[in-house]
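Beneath this line is the structure, given in structure tokens, with notes to follow.
Residues take their numbers from the sequence shown, with the count starting at 1.
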Amino acid sequence: MRNAGGGSIGIHDLERDVDLERDEKSEKAKVSSFSSSKLPVRLPAVFVASVLTLFTSSQGVLTTLSQTNGGYIYDYGTVPFLAELMKLGVSAFLLWREITRGGSVKMTKDWKSVRLFPIPSIIYVVHNNIQFATLTYVDTSTYQILGNLKIVTTAILFRAFLKKKLSRIQWIAIVLLTLGTTTSQGYLLAVLSACLSGLAGVYTEYLMKKNDDTLNWQNVQLYAFGVLFNGLRLSLDDFNDAFSKGVWFTRLFSGYNFTTLLVVVNLGCTGLLVSWIMKFADNIVKVYSTSMAMLLTMLLSVYLFNYVPTLQLFIGIAICGISLQLYFTPPQQLAD
């Protein structure tokens, strides 16, 4: 083959050019894939999940420490309200800072989108209050193990609503987790709490990932409704008591001590970490990271409450640990 200037272009030269172009595109695709998916999300996700584990392991312990003679001298309904208020304030500040920096901030403001956010807020109101009630009946280690039921409910809801396909090994891991959970004595409140947590988690992940709105704007919507519904819940309690104790916001910090304030901060930070995982990682990662708090909770309970671990508890933790390993081990490693 000859060109216009009389020079020749060989077939092998053309094939080499095509191969070089293909290799160049392939390398660019690999670099793009690595920089866009692995680095921005995976490493921070591990860090956030680790911090979330620490907060979760201390949640039940702090709540138990805030009790007096096995009960609450403060209105525990005010704790979720203050935690939602804290999360709303932090998210609003971060959103304001994001806007003032002049970058492109995506915020969907139409009612069709906003109206979806009250649903998880209502679920979380019920769930948070059940959490406090549960800890008056069970010890913190048992509470932590029973909380693992949320992984089972989350997996089922993942499959049903988000069409997320789980491998056979992952389903086996979930069955193992159920067995590990049931080695500890079960309670209706804990089961209900796990179901509500799974439902709220899956729905919240759907909301966070349904569009590319900035996380801070999504959080502002979620927590604004959280503040509203927790306030309505407290007002309903006052109405049922015929306002015998006055209006709830006049006694907002009544009976509080330093430990109670730590419970508020713990709940607030946990919620912010979870919302990040919902947006950039995976709800299953969230529930598994919180389940890793089992061992830490047991150790803290032994030190703080002179808790004597039972054989059932050790078996439950061991089975749940095996379940974690199975769920997150890549299929090729299992084959090897």
Side-chain angles (χ1 to χ4, degrees), residues 59-60 62-64 66-92 111 113-138 143 146-147 150 153 157 187-204 207 218-257 259-272 274-275:
Q59 193 172 92
L62 287 173
T63 304
T64 302
S66 71
Q67 296 176 3
T68 302
N69 297 324
Y72 303 100
I73 62 173
Y74 59 90
D75 185 350
Y76 62 72
T78 59
V79 173
F81 173 82
L82 290 171
E84 292 295 310
L85 196 61
M86 170 190 162
K87 291 184 285 186
L88 176 60
V90 170
S91 300
W111 175 241
S113 176
V114 175
R115 69 182 181 183
L116 300 175
F117 283 86
I119 298 172
S121 298
I122 294 173
I123 299 172
Y124 278 125
V125 169
V126 180
H127 170 258
N128 288 335
N129 285 278
I130 287 177
Q131 233 175 225
F132 279 89
T134 304
L135 281 165
T136 61
Y137 296 105
V138 302
Y143 169 78
L146 289 170
K150 72 182 71 168
T153 57
L157 291 166
Y187 294 93
L188 180 60
L189 284 177
V191 173
L192 179 59
S193 175
C195 291
L196 289 173
S197 178
L199 178 60
V202 171
Y203 190 87
T204 303
L207 285 182
Q218 292 175 319
N219 278 346
V220 164
Q221 296 173 84
L222 184 64
Y223 301 140
F225 284 112
V227 170
L228 173 64
F229 290 126
N230 275 282
L232 289 175
R233 182 261 178 189
L234 291 166
S235 299
L236 182 61
D237 285 348
D238 284 344
F239 179 79
N240 291 333
D241 291 337
F243 297 95
S244 59
K245 299 178 182 178
V247 184
W248 61 269
F249 52 79
T250 61
R251 60 178 195 279
L252 194 58
F253 295 98
S254 178
Y256 271 47
N257 54 30
T259 306
T260 315
L261 292 175
L262 288 179
V263 175
V264 173
V265 174
N266 183 291
L267 279 176
C269 292
T270 299
L272 291 169
V274 166
S275 68

Run the side-chain hydrogen bond (donor to acceptor under 3.5 Å, both in side chains) test on Asn257 and Thr260 for me, step by step, so that the C-alpha distance in whole Å, both residues' side-chain angles and the decisive distance to 0.1 Å come before the verdict. CA-CA 5 Å; Asn257 54 30; Thr260 315; 2.8 Å; yes

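- Among all heavy-atom pairs drawn from Gly231 and Trp248, the shortest one is O-NE1, 3.6 Å.
- Met86 and Cys269 get closest at one heavy-atom pair: CE-SG, 3.8 Å.
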Could you walk me through whether Phe132 and Val79 satisfy the side chain to side chain contact (heavy atoms under 4.5 Å, CB included) test, starting with their C-alpha distance in whole Å, then the side-chain angles of each, then the deciding distance to 0.1 Å, before giving a yes or no? CA-CA 10 Å; Phe132 279 89; Val79 173; 3.5 Å; yes

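- The CG atom of Asn230 lies 11.0 Å from the CD1 atom of Ile122; values are rounded to the nearest 0.5 Å.
- A salt bridge does not link Asp237 to Lys245: none of the charged side-chain nitrogens sits closer than 4.0 Å to a carboxylate oxygen.
- In terms of modelled atom types and a separation under 3.5 Å, the side chain of Tyr223 and the main chain of Gly271 share a donor-acceptor contact.
- Between the OH atom in Tyr124 and the OG1 atom in Thr204 there is a gap of 3.5 Å [rounded to 0.5 Å].
- Between Ile119 and Phe225 the shortest side-chain heavy-atom distance does not fall below 4.5 Å.
- What you find for Gly226 and Ser121 is that their closest heavy atoms are N-OG, 3.6 Å.
- Atoms CG and NZ, from Leu272 and Lys87 in turn, are 7.0 Å apart once rounded to the nearest 0.5 Å.
- Closest approach of Asn219 to Ser91, counting heavy atoms only: CB-OG, 3.3 Å.
- No side-chain donor-acceptor contact under 3.5 Å links Thr259 to the backbone of Leu62.
- In this structure, the side chain of Asn240 engages the main chain of Leu236 through a donor-acceptor pair within 3.5 Å.
- Within the 4.5 Å cutoff, the side chain of Thr78 has no heavy atoms near those of the Phe253 side chain.
- For Pro118 against Val114, the heavy-atom pair with the smallest separation is CD-O, 3.5 Å.
- Checked against Tyr256 for a ring pair (Phe, Tyr, Trp, His ring centres under 6.0 Å), the options Tyr76, Tyr74, Tyr72 give a single hit: Tyr74.
- Residues Phe249 and Leu234 are not in side-chain contact: their nearest non-hydrogen atoms beyond the backbone lie 4.5 Å or more apart.
- Annotation for Leu88 and Ala224: closest pair CD1-N, 3.9 Å, computed over non-hydrogen atoms.
- In this structure, the separation between CG on Asn266 and CG on Leu261 is 12.5 Å, given to the nearest 0.5 Å.
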